[in-house]
Amino acid sequence: MSEVTLEDIASLAKRRGFLYQGSEIYGGLAGTYDWGPLGVQLKRNITNLWWKTFVEDRDDVFGLDTAILMNQKVWQTSGHVSGFNDPLFECGNCRNRFRADHLVETWVEKHAKEVKAADLPKYEQSPATLNVYKNTLNMTCPTCGKQELSDVKQFNMMFKTHVGAVEDETSVSYLRPETAQGMFVNFKNVVDSFYPDLPFGLAQIGKAFRNEIAPRDFIFRLRELEQMEIEFFVHPENWRESFDIWLERQRQFLMNLGLPESKIHQVEIGPEDRAHYSKHSVDTEFDFPFGQKELYGCAYRTDYDLSKHQEASGKNLEYRPKDGSAPFIPHVIEPTFGVDRTVLAVIATAYTVDTVNGEDRIVLKLPEHIAPVKMCISPLLKNKPELVATAREIYATLKKKHGAVMWDDNGNIGKRYRRQDEIGTPKCVVIDFQTLEDGTVTVRDRDTTEQHRATIDELLG
RNA sequence: GCGGGUAUAGUUUAGUGGCAGAAUGUAUCCUUCCCAAGGAUGAGAUGCGGGUCCGAUUCCCGCUACCCGCACCA
């Protein structure tokens with residue numbers, strides 16, 4: 001069996017109604033995809049499993065669904081505005097980055113004579129002016145000394161927008177780049193409503209937006225993405241224990257989706273590569289067709305966010321232990337799960353090419369509990385009214401029970417099997433002449449292609 | 001964002017400065033007692049915008065999207 005490529009997966013996804021290029025009839029929009037009927041069902045099965053596992057089945061995690069648009073002060077406080085809106089020079093040699101305005105200003109102070117001699121425009125913090133200063137003054141990298149500083153790069157990765165019809169500085173807001181802040185700003189609300197014991201968590205599933213420089217690899221890097229995130233609040237002394245537990249839960253969740261353990265790798269992230277809020281990070285990576293890449297992240301956000309918000313908002317965000325001991329700001333363990341990446345990993349894992357009767361067959365070996373269609377009902381022959389009528393009845397019965405049941409009487413039975421194989425339907429149920437005699441049906445298994453007879457009651461169970 | 005490549009039907013693809021062809025899928029009908037059988041009929045394509053030309057899907061330019069490197073990825 002040859003390696004499955006991302007293009008094979010994208011082609012199948014489109015052909016069978018899982019995913020389409022966003023805004024396709026207008027030439028597309030980079031980094032956006034639209035979920036088709038089967039794709040949204042598969043995705044929803046996965047997010048539902050997550051919600052059940054981490055919210056419904058637990059009594060220490062509370063669900064939320066917070067607004068995508070938030071007061072701009074949230075993003076100033078969280079560090080997302082200042083950390084990512086600044087003009088930067090990047091050194092082509094050592095790859096370090098520097099605040100362009102700061103670098104130019106200190107350079108001007110230190111090299112007053114050259115500056116006076118040079119023909120420079122009036123100083124201002126525009127990228128064009130900063131570039132002119134850098135080039136005219138032959139500025140070098142403060143770290144390695146090479147004269148390889150790039151022109152100004154703006155790493156403002158948040159989508160900026162305006163709330164209300166008037167576009168001025170006070171109306172600025174951003175599409176959230178992470179769902180986390182919605183949970184931090186509601187920490188006090190949930191504590192006041194439910195007075196939970198520590199440790200406890202907040203969870204939500206929702207869209208986040210990142211103005212990626214280069215969206216890439218089908219739905220792996222999107223500008224509009226979906227996250228399943230938990231902010232788990234702990235006593236600072238216990239962070240490590242919780243961290244390791246959540247890491248293991250992330251691995252277990254992937255294995256519940258049928259991913260092989262051998263393709264899951266948990267990798268500690270060095271201080272250089274960590275997010276600005278994180279004191280310890282471990283990525284859960286997966287062997288995608290295009291390489292080993294990040295699927296999930298787990299970060300120890302300390303009390304960074306709650307402390308910042310307490311300071312900026314003036315609201316007390318401390319946790320008050322019920323034993324009367326001193327209030328404190330809890331620390332946070334944040335396991336975050338990318339929805340789109342999970343779907344991609346699941347499809348990549350399930351995508352199989354094998355041989356049936358000497359012919360290649362594409363089959364999505366999805367675990368039954370997340371398959372978008374659970375079973376397909378067919379009359380053996382569609383020109384035999386008695387078969388069709390009985391099949392229709394059985395279809396109605398099974399659909400009422402299971403919901404995700406499909407009817408197919410197109411072509412011959414082999415074609416229907418192949419079509420269902422491609423969308424990962426675990427069982428095909430065929431109503432044949434024996435059904436008319438004893439009520440049993442043929443059930444064909446997706447993975448083995450083997451058939452056996454079963455009663456309707458067995459299928460209802 | 002930089003460099004390179006690609007763009008023809010839902011999918012996979014052929015071809016051409018002068019009517020765009022196939023396979024497969026798909027629709028309707030016939031046929032069919034179990035793994036893409038067969039027959040008939042039908043719908044369906046040159047990414048978008050400009051230029052050259054009598055005429056552009058083909059040549060040129062721009063844009064967009066996708067793919068491959070690099071960089072980026074809170």
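Bear in mind the structure is a predicted one, so any value in this text is a computation, not a measurement. By convention in this document, chain letters (A, B, ...) are assigned in the order of the sequence lines, proteins followed by strands, and residues within each chain are numbered from 1.
- Nucleic acid contact class of A:F220 (heavy atoms, under 4.0 Å, all strands): none.
- Between A:E7 atom CD and B:C66 atom C1' the separation is 8 Å, expressed in whole Å.
- One can place CD of A:E24 at 13 Å from C1' of B:U64, the figure rounded to the nearest angstrom.
- With both ends at atom C1', the span from B:C61 to B:C70 equals 27 Å, rounded to whole Å.
- Aromatic pair A:Y174/A:F159: ring centres not closer than 6.0 Å.
- At a threshold of 4.0 angstrom between heavy atoms, the contacts of A:E422 include nucleobase atoms, whether or not backbone atoms are also involved.
- Residue contacts for A:G31: at a heavy-atom cut-off of 4.0 Å it reaches the sugar-phosphate backbone alone, with no base atom in range.
- Distance from the side chain of A:K415 is smallest for B:A36 among the nucleotides B:C66, B:G1, B:A36.
- Backbone-only engagement by A:Q21 is indicated by non-hydrogen atom pairs under 4.0 Å involving sugar-phosphate atoms exclusively.
- Between B:C68, B:A74, B:C33, one nucleotide has an atom nearer to the side chain of A:P177 than all others, and that is B:A74.
- A:Y26 comes within contact range of no nucleotide atom at all, as no heavy-atom separation falls under 4.0 Å.
- Residue A:N383 places no side-chain N or O under 4.0 Å from the OP1 or OP2 atom of B:C30.
- Residue A:L380 is classed as a base contact, given a heavy-atom separation below 4.0 Å to a base.
- If you take atom C1' in B:U12 and the same atom in B:G50, they sit 31 Å apart, rounded to whole Å.
- Separating the P atom of B:A22 from that of B:G15 is a span of 15 Å, rounded to the nearest Å.
- The base of B:G25 lies outside donor-acceptor range of the side chain of A:R16, with no N or O pair under 3.5 Å.
- The neighbour count for A:K399 NZ, taken as heavy atoms of other residues, nucleotides or ligands under 6.0 Å away, is above 12.
- Base contact: A:R216 has a heavy atom under 4.0 Å from a base atom.
- Using a 4.0 Å heavy-atom distance criterion, A:K14 is classed as a sugar-phosphate-only contact.
- In the interface, the side chain of A:R221 is paired with the base of B:C72 through a donor and an acceptor atom under 3.5 Å apart.
- Using a 4.0 Å heavy-atom cutoff across all strands shown, A:S11 reaches sugar-phosphate atoms only and no base atom.
- Nucleotide B:G42 has B:U26 as its partner under the Watson-Crick or G-U criteria, with both atom distances under 3.5 Å.
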Report the C-alpha separation of A:Q181 and A:D305 in whole Å, then their side-chain angles, then the decisive distance to 0.1 Å, and conclude whether the side chain to side chain donor-acceptor pair (under 3.5 Å) test is met.
CA-CA 8 Å; A:Q181 296 304 326; A:D305 299 274; 3.1 Å; yes

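- Taking side-chain N and O atoms only, A:N211 has no distance below 4.0 Å to OP1 or OP2 of B:C73.
- Among the heavy atoms of the strands lying under 4.0 Å from A:R444 is at least one base atom, whether or not backbone atoms are also near.
- With both pairing distances under 3.5 Å, B:G1 is matched to B:C70 as a Watson-Crick or G-U wobble pair.
- Among the heavy atoms of the strands lying under 4.0 Å from A:R210 is at least one base atom, whether or not backbone atoms are also near.
- With a 3.5 Å ceiling on both atom-pair distances, the Watson-Crick or G-U wobble partner of B:C59 is B:G51.
- Pair check for B:A7 finds B:U64; Watson-Crick or G-U wobble, both atom distances under 3.5 Å.
- Rounded to a whole angstrom, the distance from the P atom of B:U58 to that of B:C48 is 11 Å.
- Counting any heavy atom pair closer than 4.0 Å across all strands shown, A:A30 reaches sugar-phosphate atoms only and no base atom.
- Nucleotide B:U16 is matched to nothing when pairs are restricted to Watson-Crick or G-U wobble geometry with both distances under 3.5 angstrom.
- For the side chain to side chain donor-acceptor pair (under 3.5 Å) with A:T425, the lone residue among A:Q420, A:R444, A:K374, A:R419 that qualifies is A:Q420.
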